[in-house]
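Structure first, then comments.
Keep in mind it's a predicted model, so treat the numbers as computed, not measured.
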Amino acid sequence: MLDPFTFTCFFSAMSITVPIFLFFVNAITTRIFISFLITQIFFFLGFRVFSPIKVDRIPVLKIKDENTQEIRFIKWFFILIGFTNILLQLFSYKLVGIPLFAESRLGIYGESGGINNLLKRILDVTLQCHIFLTIFFVYFKRKSFFFKMLTNVSVVFILLVSVLSGSKGAFMSFGLAFFIYALYSMRWGDISLFFTIKKFIIKFGVIALLAAFAVIMLSEEEANPFIFLLLRIGQSGDVYYMAYPNNVIDLVPTVNWFIALFGSPLSLLRIIPRAMVPEPMGYFIMQYHHPDVEFRGPNARMNVFSYVYFGIVYSPIYCFVIGAVFSFFRNKLFYLLPSNIFGCIYYFLFLNAALKLESDFQSALADFINLLTVLPFFVIISYYLSLKNANA
């Protein structure tokens, strides 16, 4: 239940019930419904390109002796990531405010651009790394007093940030990260941690649910937390019930598929002018129904995205490729990365990005770009400091 893949599949499964419901109530044309079915089938075929991970077949190595250089490296990485994340989070609250109390927490960084956008990109990477490294040092036995304090401060700070983020599922990040850490630790010989998940999963689920209720009561006025969560699940397929009825999807402005996919990074590199980058499809769909709403809209799931930019004929090919890439990061990358904590971190970060490919390609692409541009800086500095400290 704490597998990030399962978490993603749950909301995906809830979303695809919407087109089926629309078909039964005659609110979707046969042409669009067939396009939806074919693209979904091709996505599943693409996902089967790589065999799924089977826990009982993971090659388990003998527990290795601690690599002094590697431990020194991970400690510096934790210090650098931890302090950077804490300082930038506090700075962001001063600069743009607290997301929990913002009118639109999703647009709090993006609406102003510039330094706000850069800040968001760095925080997206450092927060995920901070969560994962905190879990690692919670279980790391030989901690000095400094690292015990840093670990405790990190736990408290991440909990506070999770509440102030305004995200109802923020606390799930702990559970999802712990699952990946426990699963990947089997590769370096620690099989006990994975099987302890069953002992606390129900307790964690209750705590995460109560935390979600608390965030809802703080951020949503006069909202019933239970009904709000059910509504959130029901809204997983919002792009379908906003785009498919009355053929609204055919009204979405279309551009060249390559620009639609990679327009944002091409614009940042000054290869194309910013004016050529299409606005998010969800913004157009939302404004079609609610012209007074800005900077909000449903995520363009792959079926809708591919239909608009690739057409009925080529959209299945796009969905097959997305399924294959999705499968690679979920099933194949697990075995290709080194069997140490850094391989574990990279797997966690890239998997989180890849899991967004089906629901929001642009968000997934932004995450990949953030990882490839931000993460190397912290890795190189940490490695340099660990070598300098070793030679001191």
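Residues meeting the ring-ring contact (aromatic ring centres under 6.0 Å, His included) test with F348, sequence neighbours left out: F132. Judged as a side-chain contact (heavy atoms from CB on, under 4.5 Å), and not counting sequence neighbours, the contacts of Y335 are I53, I58, P59. The ring-ring contact (aromatic ring centres under 6.0 Å, His included) test applied to F147 returns F137, not counting sequence neighbours. Under the side-chain contact (heavy atoms from CB on, under 4.5 Å) criterion, A13 pairs with no residue at all, not counting sequence neighbours. Considering only residues two or more places apart in sequence or on other chains, F23 meets the ring-ring contact (aromatic ring centres under 6.0 Å, His included) condition with F33. Residues passing the ring-ring contact (aromatic ring centres under 6.0 Å, His included) test with F157, sequence neighbours excluded: none. With sequence neighbours left out, M149 forms a side-chain contact (heavy atoms from CB on, under 4.5 Å) with F145. In this view, L160 and V156 satisfy the side-chain contact (heavy atoms from CB on, under 4.5 Å) rule, not counting sequence neighbours.
Side-chain contact between T68 and R72: present, with at least one pair of heavy atoms (C-beta onward) separated by less than 4.5 Å. The closest side-chain heavy-atom distance from Q69 to S386 is below 4.5 Å. Taking the side chain as every heavy atom from C-beta outward, L22 and P245 approach each other to under 4.5 Å. Looking only at side-chain heavy atoms (C-beta outward), F36 and I28 stay at 4.5 Å or farther from each other. Contact of the I158 side chain with the H130 side chain is registered, since non-hydrogen atoms from C-beta on lie closer than 4.5 Å. Contact of the I74 side chain with the I345 side chain is registered, since non-hydrogen atoms from C-beta on lie closer than 4.5 Å. Counting heavy atoms from C-beta outward, P278 and Y309 have side chains that approach closer than 4.5 Å. Considering only heavy atoms from C-beta on, L387 stays 4.5 Å or farther from F73 through its side chain.
In this structure, F77 has its ring center no closer than 6.0 Å to that of Y383.
Residue pairs meeting the salt bridge (Lys or Arg N to Asp or Glu O under 4.0 Å) criterion with at least one partner in residues 350-364, sequence neighbours excluded, are R301-E358, K356-D367.
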Kindly determine whether Y307 and T39 satisfy side chain to side chain contact (heavy atoms under 4.5 Å, CB included), including the steps that lead there. CA-CA 9 Å; Y307 176 92; T39 52; over 6 Å; no
Under the side chain to side chain contact (heavy atoms under 4.5 Å, CB included) rule, what do R31 and D250 come out as? Steps first, then yes or no, please. CA-CA 12 Å; R31 175 177 60 88; D250 290 325; 3.1 Å; yes
For L150 and F83: C-alpha separation, side-chain torsions, deciding distance, then whether side chain to side chain contact (heavy atoms under 4.5 Å, CB included) applies. CA-CA 9 Å; L150 182 57; F83 280 101; 4.2 Å; yes
For Q40 and F44, what are the C-alpha separation, side-chain angles and deciding distance, and is it a side chain to side chain contact (heavy atoms under 4.5 Å, CB included)? CA-CA 6 Å; Q40 201 67 42; F44 289 142; 3.9 Å; yes
Atom pairs and distances, donor-acceptor, side-chain atoms in residues 253-276, under 3.5 Å, two or more places apart:
from	atom 1	to	atom 2	distance (Å)
T254	OG1	V308	O	3.2
N256	OD1	F258	N	2.8
N256	OD1	I259	N	3.4

Pairs under 3.5 angstrom only: tabulate donor-acceptor contacts from the side chains of residues 372-380 to other protein residues two or more places apart or in another chain.
from	atom 1	to	atom 2	distance (Å)
T373	OG1	I369	O	2.7
T373	OG1	N370	O	3.3

Side-chain donor-acceptor pairs of residues 324-333 under 3.5 Å, sequence neighbours excluded:
from	atom 1	to	atom 2	distance (Å)
S327	OG	F47	O	2.8
S327	OG	F50	O	3.3
S327	OG	N331	ND2	3.1
R330	NH1	D3	OD1	3.1
R330	NH1	D3	OD2	3.0
R330	NH2	D3	OD2	3.0
N331	ND2	F50	O	3.4

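Taking every heavy atom of both residues into account, V239 and N299 meet most closely at CB-O, 3.3 Å. Listed here is the closest heavy atom pair of M242 and P298: SD-CG, 3.9 Å. Between C344 and I180, the shortest heavy-atom contact is SG-O, 4.1 Å. Between L337 and G343 the shortest heavy-atom distance is CD1-O, 3.3 Å. Closest heavy-atom contact between F42 and P316: CB-O, 3.4 Å. Residue S236 comes nearest to F11 through the heavy atom pair OG-CD2, 3.2 Å, listed as atom of the first residue, atom of the second, then distance.
A donor-acceptor contact shorter than 3.5 Å is absent between the side chain of S12 and the backbone of C9. T84 places no side-chain N or O within 3.5 Å of a backbone atom of I81 that could act as its donor or acceptor partner.
Just one of Y240, Y318, F43 meets the ring-ring contact (aromatic ring centres under 6.0 Å, His included) condition when paired with F305; it is Y318. Screening V18, T29, I249 against Y244 for a side-chain contact (heavy atoms from CB on, under 4.5 Å) leaves a single residue, I249.
Rounded to the nearest 0.5 angstrom, T126 OG1 and L119 CG are separated by 8.5 Å. In this structure, CD1 in I312 is found 10.0 Å from OG in S306, a value given to the nearest 0.5 Å. Interatomic distance, F78 CZ to S154 OG, rounded to the nearest 0.5 Å: 3.5 Å.
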